[in-house]
Amino acid sequence: VIVGAGSPAQVPALIDDLSQGRDATLPLRVQYARAADRHELHFSPRDLMGEMLRPVQRPRFVAIVASSELATALMANPVAPDGFVVEGHVAGGHNAPPRGPLALDSDGQPQYGPADEVDCTQMVKLGKPFWLAGSYGKPGGLQRALRRGAAGIQVGTAFALCQESGIADPLKRAILQRVADGQTSVRTDPRASPTTFPFKVFQFPESLSDAAVYRGRKRTCDAGMLRTPFKTESGGVGYRCPAESETLFAKKGGRPQNTVGRMCLCNGLLATIGLGAVRPGGYREPPLITLGAHVSDLRAFLPAGRTSYTAADVIARLEAPLTSTSFSTPLARSC
Ligand SMILES: Cc1cc2nc3c(=O)[nH]c(=O)nc-3n(C[C@H](O)[C@H](O)[C@H](O)COP(=O)(O)O)c2cc1C
């Protein structure tokens, strides 16, 4: 079980309970609720499985962290993680925000600095295996991670565009064409994600990264996977998402400025894997593509005459001994 999402402090105890078939409880933060009000999510394996319920071997738990401090804090919990994925801010998907007050560069991207580099010597001291993530999926990346004391690496971007990945084929082909043409741009968007975490957005004309496509989409929240609970005036629990209709969000007591620039990750990411909703009238939900900062490195897989590559090609390139031909792109040279 590999979980990040802020601090996964509760997860090891959940895994203990569920693997033993015990009822599990997860405390929920409900906005505006009084401290005395307890909100919890209950799950009873026995209610679901009845007599069929058997304990299972406890799966190991690997926490995704962006700092050795968080890893150290998690180790102090009664049930500590069995290992860590240490993810840097160049990785695809969500990124941890920079340490300290948020400063943006001239393009509105969060500015990361030396304080955001993870101290691997501290990770080694924790005595648990860890895997480094964030632009390690290129020649030399694995060796670099091993030298720093890691057990290995976690790779996302290189696999996201291989033949086996779930990204819809026509979209994948178009993205790879851009990679081959050397025309890639990835923005760390501090506003896009309703979670408020920075999110890597690949800039692509027919996707939500395009201002006209973004404006042309009617904001709607019908998948609801990133909604947050809040206490309603009548004392119940409501759900809202800052990427939903601004009017609805405001009606639910949300602050209008919280909606600015938010993207519907649910509908956008579903569209990216070819499961986008088609609205009455034929409007197709546009994709939202997330890839890591070093996507341009994938050009190495696309020499003249090749338009695709496989997961095995990625593995082979990661395992290949370093030679001068491994460094066929300027970015690869930087590792
Ligand atoms: C398309 C894509 C989707 C991802 N989705 C998630 C996710 O849902 N949860 C998560 O913890 N990490 C996610 N990641 C991050 C990867 O698990 C991985 O840590 C990261 O991609 C490694 O850096 P790299 O992209 O430079 O290889 C995603 C990455 C990509 C490229």
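Just follow the structure's listing: the first ligand is 1, and inside any ligand the first atom is 1.
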| message | So, regarding G292 and ligand 1 (criterion: nitrogen or oxygen to nitrogen or oxygen, under 3.5 Å), is there a contact or not? | response | no
| request: Just let me know how Q154 lines up against ligand 1, side chain, backbone, both or neither, with a heavy-atom cut-off below 4.0 Å. | output: both
| field | Residue T290 vicinity, atoms of ligand 1 by number, heavy atom under 4.0 Å | value | 1 (C), 2 (C), 3 (C), 31 (C)
| request: Using modelled atom types only, decide if a donor and an acceptor are shared between the side chain of S68 and the backbone of V118 within a distance under 3.5 Å. | output: no
| message | Would E87 count as being in polar contact with ligand 1, using the rule that some N or O on each side must be under 3.5 angstrom apart? | response | yes
| query | Would a search of protein heavy atoms around atom 17 (O) of ligand 1 find one under 4.0 Å away? | reply | yes
| query | Quick one: which ligand 1 atoms are inside 4.0 Å of a heavy atom on T157? | reply | 21 (O), 24 (P), 25 (O), 26 (O), 27 (O), 31 (C)
| Can you find a protein heavy atom under 4.0 Å from atom 7 (C) of ligand 1? | no
| field | C241: which of K252, R227, M225 passes side-chain contact (heavy atoms from CB on, under 4.5 Å) | value | R227
| query | Of all the atoms in ligand 1, which lie at a distance below 4.0 Å from a heavy atom belonging to A133? | reply | 19 (O), 22 (C)
| Just wondering, do V65 and P81 contact through their side chains at under 4.5 Å, heavy atoms? | no
| field | atom 11 (O) of ligand 1 protein-contacted, heavy-atom criterion under 4.0 angstrom | value | yes
| message | So does Q109 get a backbone contact from the side chain of D107, meaning a donor-acceptor N/O pair under 3.5 Å? | response | no
| field | Under 3.5 Å: donor-acceptor pair, side chain of N77, backbone of A80 | value | no
| query | Does K251 have any side chain to side chain donor-acceptor pair (under 3.5 Å) partners at least two apart in sequence or in another chain, and if so, which? | reply | none
| note | Going by the 4.0 angstrom heavy-atom rule, the piece of V3 near ligand 1 is neither
| Hey, are H94 and S193 close enough side-chain-wise for a donor-acceptor pair under 3.5 Å? | yes
| Donor-acceptor under 3.5 Å (Y283 side chain, A277 main chain) | no
| said: Strictly inside 4.0 angstrom of atom 4 (C) of ligand 1, do you find any protein heavy atom? | reply: no
| said: Contact between ligand 1 and G137 is defined here as a heavy atom of the residue under 4.0 Å from a ligand atom; is it met? | reply: no
| message | Just to confirm my output: which protein heavy-atom neighbour is closest to atom 14 (N) of ligand 1, and how far is it? | response | G92 O, 3.8 Å
| G134 near ligand 1, heavy-atom distance under 4.0 Å? | yes
| message | Can you confirm whether the side chains of Q163 and S308 place a donor and an acceptor under 3.5 Å from each other? | response | yes
| field | Nearest-neighbour protein heavy atom for atom 27 (O) of ligand 1, which is reported as residue plus atom name and distance | value | G156 N, 2.8 Å
| Looking at A91, which atoms of ligand 1 are within less than 4.0 Å of one of its heavy atoms? | 20 (C), 22 (C), 23 (O), 26 (O)
| Protein heavy-atom partner closest to atom 26 (O) of ligand 1 - residue, atom, separation in Å | S135 N, 2.6 Å
| said: Any nitrogen or oxygen of I64, side chain or backbone, less than 3.5 Å from one on ligand 1? | reply: no
| message | Can you tell me how far apart CG (L208) and CG (D189) are? Round to the nearest 0.5 Å. | response | 10.5 Å
| request: Just grab all the salt bridge (charged side-chain N to carboxylate O under 4.0 Å, His left out) pairs involving residues 81-96, residues at least two apart or on different chains. | output: R58-D82
